[in-house]
Amino acid sequence: MESLFDLSLINSTLRMMAPLLLAGLGGAICSRVGVFNVGLDGLMLMGAFLGVAANAYTHNVWLAILIAVIGTTIFSALYAYMTINLQANMIVTGIAINFLSIGITTFALRTIFDVQGAYYNNEMQGLPTWEIPVIDQIPLLGNLLSGQSPIVYLGILCTIVMYFFFKKSVAGSHFDAVGINPIAAKSQGIKVKRIQYQAVLISGVLCALAGAQLSLGQVTMFSENMTAGRGFIALVATMLGQSNPIGVFLSSGLFGFTEAISIRLQGLNVPTNFTLMLPYVITILAMFIFKDKTQLSALKNSAGSSR
Amino acid sequence: MNKLKTNATVFIQPLLAVIVGLLVGTIAIMLSGESVIVTYQEMWDGAFGNLYFLTNTLERAIPIILAGLGVAFAFRAGFFNLGAEGQLVMGAVTTAIVTVYLPFQGLLNMVISIIAGMLIAGLYSFLAGWMEQRFQINLLISTLLLNYIAVLFAGYLVSEPFRDTSSAGGVPQTVMVDEASRLPKLLTGMNLHYGFVIAIILAIVIAFIMKRTTFGYEVRMLGQNVFFAQYGGINRKKIMFTSLLISGMLAGLAGSVEVLGIHYRFIEGALSNPQFAWTGLMAALLANSNPIGTTVVAIFLAALDTGSLGVERNTDVPNSISGIIQAVLILFISAKFTMNFLNQRKKEGK
Amino acid sequence: ADESGNSGNSSEDAKRVAVVLTDKIGVNPFFQQISDGATKAADEAGLEVNVIESSDPTEIEQNLQVAVAEDYDLILTATFDAVDALTRVAEQNPEQDFAIIDAVVDLPNVKSAEFREYEASFLLGAAAGLSTETNKIGIVLAMDVPQINKYKSGFEEGVAHVNSEAEVLSSYVGSFADPAKAKEIALQQNANGADFIAAASAVSDLGVFEAAKEEGFYTSGQDIDRTTDDPEHIVLSQLKNTDVVAYDFVKEYGEGNFETGTQSFGVAEDGVGLTFVTAESESPLSDFIGQETIDKVTELKDQIISGELTVTNPLAQ
Amino acid sequence: MLLELKDITKKYGDFKANDQVSFSLNKQEIHAIVGENGAGKTTLMRMLYGMEKPTSGDIFINGKKQNIDNPNIAIELGIGMVHQHFMLFPPFTIAENVVFHHEPKKGWRYDRKKAADEVAQLAEKFGMKINPLDIAGDAPVGIQQRVEILKVLYQGADVIILDEPTAVLTPLEVKELLVSLRELVKMGKSIILITHKLNEVMEIADRVTVLRDGKVTGTLTTKDTNPEELSRLMVGRELKNNPLPSIEKGNEILSIKNIEMTSKKSGKTLLDDVTLQVRQGEIVGIAGVSGNGQSELIQAITGLAPVNKGSVTLNGADMTNRSVKQIRDQGLSHIPEDRYLWGAAKEANLVDNMMMTDYAKPAFQKAGVLKLKEIRRYVAESVKKFNVKTTSIDTSAQFLSGGNLQKLIAAREIQKNTPFLLAAEPTRGVDIGAMEFIHEQLIEKRNNGDAVLLISSELSEILALSDRVFVMYEGKIVGEFDHQNASEEKLSILMAGGNNE
Ligand SMILES: Nc1ncnc2c1ncn2[C@@H]1O[C@H](COP(=O)(O)OP(=O)(O)OP(=O)(O)O)[C@@H](O)[C@H]1O
Ligand SMILES: Nc1ncnc2c1ncn2[C@@H]1O[C@H](COP(=O)(O)OP(=O)(O)OP(=O)(O)O)[C@@H](O)[C@H]1O
Ligand SMILES: [Mg+2]
Ligand SMILES: [Mg+2]
């Protein structure tokens, strides 16, 4: 097909990967401190809903995002409390969080907006797209990278910030320490629970942004269960990227890219189910190349709590 | 040390969790403006109200029990199998196709198609184990991804080569299984079928294997400490492969039994939408991978499902509220309440 | 469950109707339509109505059985998902009245209504084929499954009938509720030159509409008249009057002239249609379509009604 | 008096881990604490370090009563602890581990360069050789030990608690450590030293406190006591001295010929042309600083890792690169070097732990079904016979003290009655009572005409038990001695890579 690798492919990849990247980074920061967060999908959905709901009331997209972030962070505190304080099984809690947010958003959709299925509203302003001044000028790159929603850029920024946080900052090394050996960290006077809380809350913020990118960046509406399982793909990105921000960026990029490709491949004479499979198959193939030799500490923790 | 005391905490814990869950559920119901008592009454009735509802609950528990047993088996051997959904779907679609297209009859047909479904599902899970063993591919990621592939692949099978084109239908599905090959009902007029007997027997068999056989011992030791197991002469590869195979076969059986006992055909989405696999996973986790415990928890989780159906039918509480109550109950059930609360109280008391 | 039979409605002898839906209402506006239609008729005819949503396909049969046990007079359900369950339940309860919309169950105690959506899709495709300037037309579908593909085949046939030059780009979202991906697909089709992209992806249609608004191409809605949302870009809507059928069924039941059997609703019966062609719309006609096209399509409609033109039924192969 | 613990009691449920314990430490003193496994030494120190709260009793620092709620307070008060099980972050560098939670900063950034410099200086000041930029997890245990001490020093501790610091060290490393400790005292630090080795106590401590069953049985000045008195206070009885009677040697049971093993990862040669034999009625000792190929030798013999060249013959059959099971069936039993990693499943109960390697025997299973009754009887008997202290055989192994777990493992392997026993570090971290017992068992096995290969980094153990001694250095056998000819001196030189000629 002539348009398989056109310029808009990169553009499209960036858009598609942004929610995966942000939620994946949220998963990464959790797993760095030893929390295996399966609730990313639910947190994202909550963020998507709150973004739209707040936007409908405040008519201000920025304020809406702020409210989505605050609300989702509070919601993620529930997950933190259950797993960190009450030592509930991380995976069960995560799945329950996903169910809960589907329930809450659907219920709220009905009670607040009196609609079922989806809420949209022509007056509602979505996120603008930003033309990035300098990059904009560069002939080819400008077209490729410019003109995305601010959250896409924020996702890239978060990757960089998180990379430096873990690589360069003292706090970052404390986060790692908690994930590597919580008992040792505690014996050195580190407040392990507090750090785990911080990580979960940060993942709340990141998932809120991921959700907002879906409901206010990519489209301007909310529909029931609109994350369509992206939280689990983000989880795969977290694991595949070995909880390293750059790794998460690359793996969510790979996923976004293959998904963009798979849309284009639908024109070919291949059964659609096979083209839809492409991102998953490619990701598995990618694992043959980037082998995961290190055991995730979060994994061990969650497996430990499962016995 | 004090056995009585520990036994008491074992029971107090989930009880407290259920109470807290119900309390939070109460808030949700009150928000929706319905009577709390009526709603909970309907929930109870929907799950256990009379023989019909009780058998429905048990019927719904069948795939959850089987998928849960599968997950639990792999857990015991130390492997985190997140691929129950894919395995379940593979088992179901295989069984449906084999029943309809291979020239066997009646009981034989039923047995062969169930075994075929279990085998394919087992091999599907084996594949993930092989990739981990041979290429160090993280089992968690591969099993998660294989779920999507299985669902799409099964979808392809029933919308292209094996689609039922006879009825003027629109849903991708296979042809219906003939009467003789179906799993018979346990009681006439009720939905509960022999799959339940199979599930219960398997739970007991697996409990026996785990506790009383050398193979079960090998599986448990491998799950507890790989190095210790290897030191003692246990073949890690062999146990890993067999336990993943068994795990997949159980999940596959969940699908086969759903096909032959309830739907009588494979319908796209009919087995993934109800989240049987994930519910089974939760049951296994909540029961610490104990087979009998998994069965009990699975029935409890199924009761939450059928109970919320009752709420949906007979009250104005929206469907989503029953979803909320259900999620809240699950959320609190695994919390370690008593420990913390009692400990805190002790400390404060001093 | 028996006691609710007579004692439950002792005050008056109102007939009771259960509407058992195969999924949550929110999943597809289609369910909302049926629920609304049935409720409206019940209100008018003085019937009691209870709408029961199912969370997943496994629950349908149980809900039907319980509805029988609770002595509802008429049990109305819908879609192909309910066929297996209804067949079994209706066979077991030959005295009970049932009705099913948008699928056929051929039993003496069931009244079925099927729709020939492909006729409407044909008209939509024809309108698109006549209007396109780029000779590229898109359609965004929910999933690659027969009940969705019946829209695709009629659409393609319609396009081909009027414009042999035009190419149809069709893509699947792969799920019933992923507006973000639907939008991405529409943007992609538009980038490949499609100037008209039909939406046939349930809730995800909203994503296609947004893409149209942003990029300035034209699109169409499904089931109900969506042109009112954004008449500038949503220029057509293919209609499927399930609400009317649900209303009719319940109303007939209330009035005592309910007869089982199968009714087929196509363009001729006004069960399906296209805005501006078979039904008025509140919104103005877009210049992109133009009155001329509408006239031509109206001619095609008449040919279909008269039987001069037959659209292929994709499910009858 | 720098520090004083008064009448400290710590209860876990109804169990008193510490019972009215009083303890004091003077400035620039080294005060040793000794006692059997589970006597309550670690528990007492954990309370001083703020990781546990005493059930009753008071802690005074410089005469002032303190409430030490968490390690931060202890650190502020100048108390540092080197834990029995290292508290390190293996992927971090040594410098990062040392400065952890007290990192030098440049703005928001972690000044890793400064950290490395400071750690290098600190190490120099106290005469400890380390490379701050090495990854802690890759460093040998001796270095890890130093990292732990440096960490405490970096935090400015005046009181340093060391919980069994020498259990995992080689003799050379022990010597170095003791030198460092003296150095520290000279520089004004005070030290609490928990150990099972009475010679260390006698050599370095000023005073010693003995704990038994959570109670203090005596606080003595080392000048005025001797090891015999201390052991009597510890175990409540006189210790025996086990002689090694000379007996007839029989056939070769284990024969290793020219084996070679290379690392898959680095391609480094780990075992280089190793040849040795063990005969019936003989204990052969392998001496060597740990990390010189002993672990690889164990793995080669037991089938846990393949060799590239050479042959391993056990009890007359070629067992080169066979599976663990085949080798065990041929007559191997094996006390592993790390009891938690290889030797036990912590969460499993004693029955499960005891059954490993025996579960397939016809006595304990029929057609794959375990005979639980027989098994439980057997385990209960073994636990009693080997004097494993536990509340029940259904307790999980993690709740046994190290010494008791070791006894359980020894019981499991010795009772198998195989012609060959491989005993690796059989008494590491085990109290003197248990050590005596395990030694007795090894000798008895030898006297019964079985072959024993003893691998230990504890020279005194090697010298006391071995009929013949081999010395390993960098994967090679560099020396062989008879029981009579072996001496600590001769072995030490070879172990350090020196030459006896
Ligand atoms: N958290 C706890 N809960 C219950 N019992 C405990 C706990 N910690 C320690 N104990 C028990 O207290 C006793 C004393 O343990 P402690 O660790 O102080 O022994 P120790 O003298 O350090 O032994 P070792 O020489 O093996 O290190 C043991 O019997 C142990 O089982
Ligand atoms: N929750 C607990 N309940 C009972 N005993 C415990 C508990 N936690 C730890 N212990 C016991 O406390 C003791 C002290 O543990 P510690 O970390 O000192 O290990 P240890 O057994 O002395 O190890 P080793 O001597 O092999 O180095 C051990 O006997 C351990 O089994
Ligand atoms: Mg100790
Ligand atoms: Mg110890």
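The sequence lines fix the lettering, A, B, ..., with proteins before strands; numbering per chain opens at 1.
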ring-ring contact (aromatic ring centres under 6.0 Å, His included) involving C:Y247 - partner list, sequence neighbours excluded: none
Any residue meeting ring-ring contact (aromatic ring centres under 6.0 Å, His included) with C:Y151, in chain and number order, not counting sequence neighbours: none
Interface moiety of A:T275 toward chain C, non-hydrogen atoms closer than 4.5 Å: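 No part of it gets close to chain C.
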Contact origin within A:N122 toward chain C - heavy atom pairs under 4.5 Å: both
A:V152 side chain reached by A:Q213 side chain, heavy atoms, under 4.5 Å: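 Side chain of A:Q213 against side chain of A:V152, heavy atoms only: contact under 4.5 Å found.
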Heavy-atom side-chain proximity of C:H233 to C:F209 below 4.5 angstrom: no
Residue-level interface, residues 47-56 of chain A with chain C, non-hydrogen cut-off under 4.5 Å: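 From residues 47-56 of chain A, none sit under 4.5 Å of chain C.
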Sole candidate of C:S281, C:S220, C:S237 that passes side chain to side chain donor-acceptor pair (under 3.5 Å) when paired with C:T227: C:S281
Salt bridge (charged side-chain N to carboxylate O under 4.0 Å, His left out) partners of C:D102, counting only residues at least two apart: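 Expected list: C:K240.
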Whether C:F288 and C:F196 hold their rings parallel, tilted or perpendicular, with breakpoints at 30° and 60°: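 Aromatic pair C:F288/C:F196 classed parallel.
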Step-by-step salt bridge (charged side-chain N to carboxylate O under 4.0 Å, His left out) determination, A:R230 to C:D178: CA-CA 10 Å; A:R230 282 179 178 81; C:D178 193 347; 3.0 Å; yes
Under-4.0 Å salt bridge between C:K150 and C:E117: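 Counted as a salt bridge, because a side-chain N and a carboxylate O are separated by less than 4.0 Å.
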Counting only non-hydrogen atoms closer than 4.5 Å, does [X] touch chain A with its backbone (N, CA, C, O), its side chain (CB onward), both, or neither?
{"X": "C:K181", "result": "both"}
{"X": "C:S170", "result": "backbone"}
{"X": "C:E167", "result": "neither"}

Selection from A:L276, A:V219, A:T106 maximising heavy-atom pairs under 4.5 Å formed with chain C: A:V219
Closest-packed option against chain C by number of heavy-atom pairs under 4.5 Å, given A:N273, A:T220, A:L214: A:T220
C:E232, CD atom: more than 12 neighbouring heavy atoms under 6.0 Å: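 No, not enclosed.
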Residue, of C:D229, C:V173, C:V203, that accumulates the most heavy atom pairs under 4.5 Å with chain A: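 Greatest number of close heavy-atom pairs with chain A: C:D229.
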